[in-house]
Visitor: 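Got a structure for you, written out below as structure tokens; questions coming shortly.
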Amino acid sequence: MTRLLVLDSGVGGLTVLSEIRRARPDAEILYLADDAFFPYGGLAEEALVARVVALVEESLRDFPADGVVVACNTASTLVLAPLRARLGIPIVGTVPAVKPAAAASQTKRFSVLATPGTVRRDYTLALIAEHAAGCAVTLVGAPRLAAYAEAELMGAPVPDADLLAEIAPSFVEADGTRTDAVVLACTHYPLLVARFERIAPWLVAWLDPAPAIARRVTNLFGESAADAPPAPAAIRFTSGRTPAPPLAEALAARGLTLARP
Ligand code: DGL
């Protein structure tokens with residue numbers, strides 16, 4: 001039986017978890033929602049590394065997983081190397097879909113919509129330098145969007161105008177070209193993509209890295225056997241909170257039970 005530890009600062013990584021569950025329903029999963037430290041996008045670099053390394057090491061003691069999926073772009077920009085150096089199991093990170101965006105964009109103008117932390121990091125800038133030469137790339141660090149995605153899943157959606165204020169800088173018209181693709185470089189944002197599509201100033205492709213992460217998982221751990229029974233998946237909120245009804249229903253709909261810290 002394959003066991004995977006999946007983590008994010010909150011419920012954003014559930015967008016990744018859904019794809020992993022689709023690909024490997026037989027893998028036992030513990031999903032860590034590190035809501036005690038939400039949002040990661042506002043944490044200083046050393047604080048974020050120290051927190052994630054300590055949380056993963058502690059969680060592996062009672063859930064000895066075969067691999068860890070960091071279902072968070074903000075954490076992945078910093079913690080993959082320290083985790084790999086300390087743990088002898090595969091660590092899968094979340095990489096903004098810059099390469100697919102450069103390939104998909106017809107206008108060669110696309111945007112990377114992420115947390116303020118992710119857009120500042122060398123990791124992101126290096127990806128753009130490596131994969132998006134010849135493209136005009138706009139980096140947008142959205143200060144409140146991850147919190148808005150959390151609110152959406154908790155049954156308290158924010159008004160369209162607030163969402164639009166966060167995504168509007170991604171839409172650029174210059175030198176006769178328009179943005180035609182937006183990289184969702186925070187795992188929380190796909191939770192809002194249906195609303196983004198409705199309020200966007202014009203049509204763009206929204207790129208979600210979750211399917212690529214699930215492919216990476218099956219590359220590392222193999223496909224599920226046809227006769228393998230489905231395995232349980234649980235979610236643990238590091239704050240110890242019990243989710244209120246709208247969120248509890250969303251978690252149950254994803255087949256997740258609650259695990260206590
Ligand atoms: N879901 C996280 C990401 O992919 C970020 C949310 C946060 O700022 O905590 O970047």
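Counting convention: from 1, in listed order, for ligands and their atoms alike. All values reported here derive from a predicted model rather than from experimental measurement.
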Visitor: In terms of side-chain heavy atoms, does Thr2 have a donor or acceptor partner in Arg24 at a distance below 3.5 Å?
Guide: yes
Visitor: Ignoring hydrogens, just give me the one of Thr94, Thr187, Leu184 whose non-hydrogen atom is nearest atom 4 (O) of ligand 1.
Guide: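 Minimum heavy-atom distance to atom 4 (O) of ligand 1 goes to Thr187.
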Visitor: So which heavy atom in the protein is nearest atom 8 (O) of ligand 1, and how far is it from that ligand atom?
Guide: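 The protein heavy atom lying closest is Gly41 N, 2.8 Å.
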Visitor: Which atoms of ligand 1 sit under 4.0 Å from any heavy atom of Ala146?
Guide: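 Within the 4.0 Å cut-off of Ala146, ligand 1 contributes 6 (C).
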Visitor: Does an N or O from Thr115, backbone or side chain, lie closer than 3.5 Å to an N or O of ligand 1?
Guide: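 N/O-N/O distance under 3.5 Å: no.
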Visitor: Between Arg236 and Asp62, does at least one N-O distance fall below 4.0 Å, as a salt bridge requires?
Guide: yes
Visitor: Run the numbers for me: atoms of ligand 1, each under 4.0 Å from some heavy atom of Phe38, listed by number.
Guide: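 Those atoms are 9 (O).
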Visitor: Between Arg215 and Glu19, is there a side-chain N and carboxylate O pair less than 4.0 Å apart?
Guide: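 Looking at Arg215 and Glu19, the cut-off is not met.
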Visitor: When hydrophobic residues are tied together by side-chain contacts of less than 4.5 Å, even through go-betweens, does Val52 share a cluster with Leu78?
Guide: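 Yes; Leu78 is reachable from Val52 via cluster members.
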Visitor: Would Phe38 and His188 count as a ring-ring contact (aromatic ring centres under 6.0 Å, His included) if you check the C-alpha gap in whole Å, the side-chain angles of each, and the deciding distance to 0.1 Å?
Guide: CA-CA 12 Å; Phe38 179 86; His188 277 74; 5.7 Å; yes
Visitor: Look at ligand 1 and say whether Gly12 reaches it with a heavy atom at a distance under 4.0 Å.
Guide: no
Visitor: Taking 4.0 angstrom as the limit and counting only heavy atoms of Tyr40, give me the atoms of ligand 1 inside it, by number and element.
Guide: 7 (C), 8 (O), 9 (O)
Visitor: Which residue holds the protein heavy atom closest to atom 10 (O) of ligand 1, what is that atom called, and what is the gap in Å?
Guide: Thr74 OG1, 2.5 Å
Visitor: Do Asp35 and Ser239 have side-chain N/O donor and acceptor atoms under 3.5 Å apart?
Guide: yes
Visitor: Could you check whether Thr238 and Asp34, counting side-chain N and O atoms only, form a donor-acceptor pair closer than 3.5 Å?
Guide: yes
Visitor: Give the residue and atom name of whichever protein heavy atom lies nearest to atom 1 (N) of ligand 1, and the separation in Å to one decimal.
Guide: His188 ND1, 2.7 Å
Visitor: Identify which of Pro209, Pro143, Cys186 has a heavy atom lying nearest to atom 5 (C) of ligand 1.
Guide: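 Shortest heavy-atom distance from atom 5 (C) of ligand 1: Cys186.
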Visitor: When you measure from atom 2 (C) of ligand 1 to every protein heavy atom, which one gives the shortest distance, and what is it?
Guide: Cys72 SG, 3.2 Å
Visitor: If you measure only the distance, is there a donor-acceptor pair under 3.5 Å linking the side chains of Thr115 and Arg120?
Guide: no
Visitor: Under a 4.0 angstrom heavy-atom cut-off, which atoms of ligand 1 come close to Ser9?
Guide: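 Every atom of ligand 1 under 4.0 Å from some heavy atom of Ser9: 6 (C), 7 (C), 9 (O).
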Visitor: In plain terms, say whether Asp180 and Arg178 are close enough for a salt bridge, that is, a side-chain N and a carboxylate O under 4.0 Å apart.
Guide: no
Visitor: Based purely on interatomic distance, does Asp8 place a nitrogen or oxygen under 3.5 Å from a nitrogen or oxygen of ligand 1?
Guide: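 Yes, at least one N or O pair falls under 3.5 Å.
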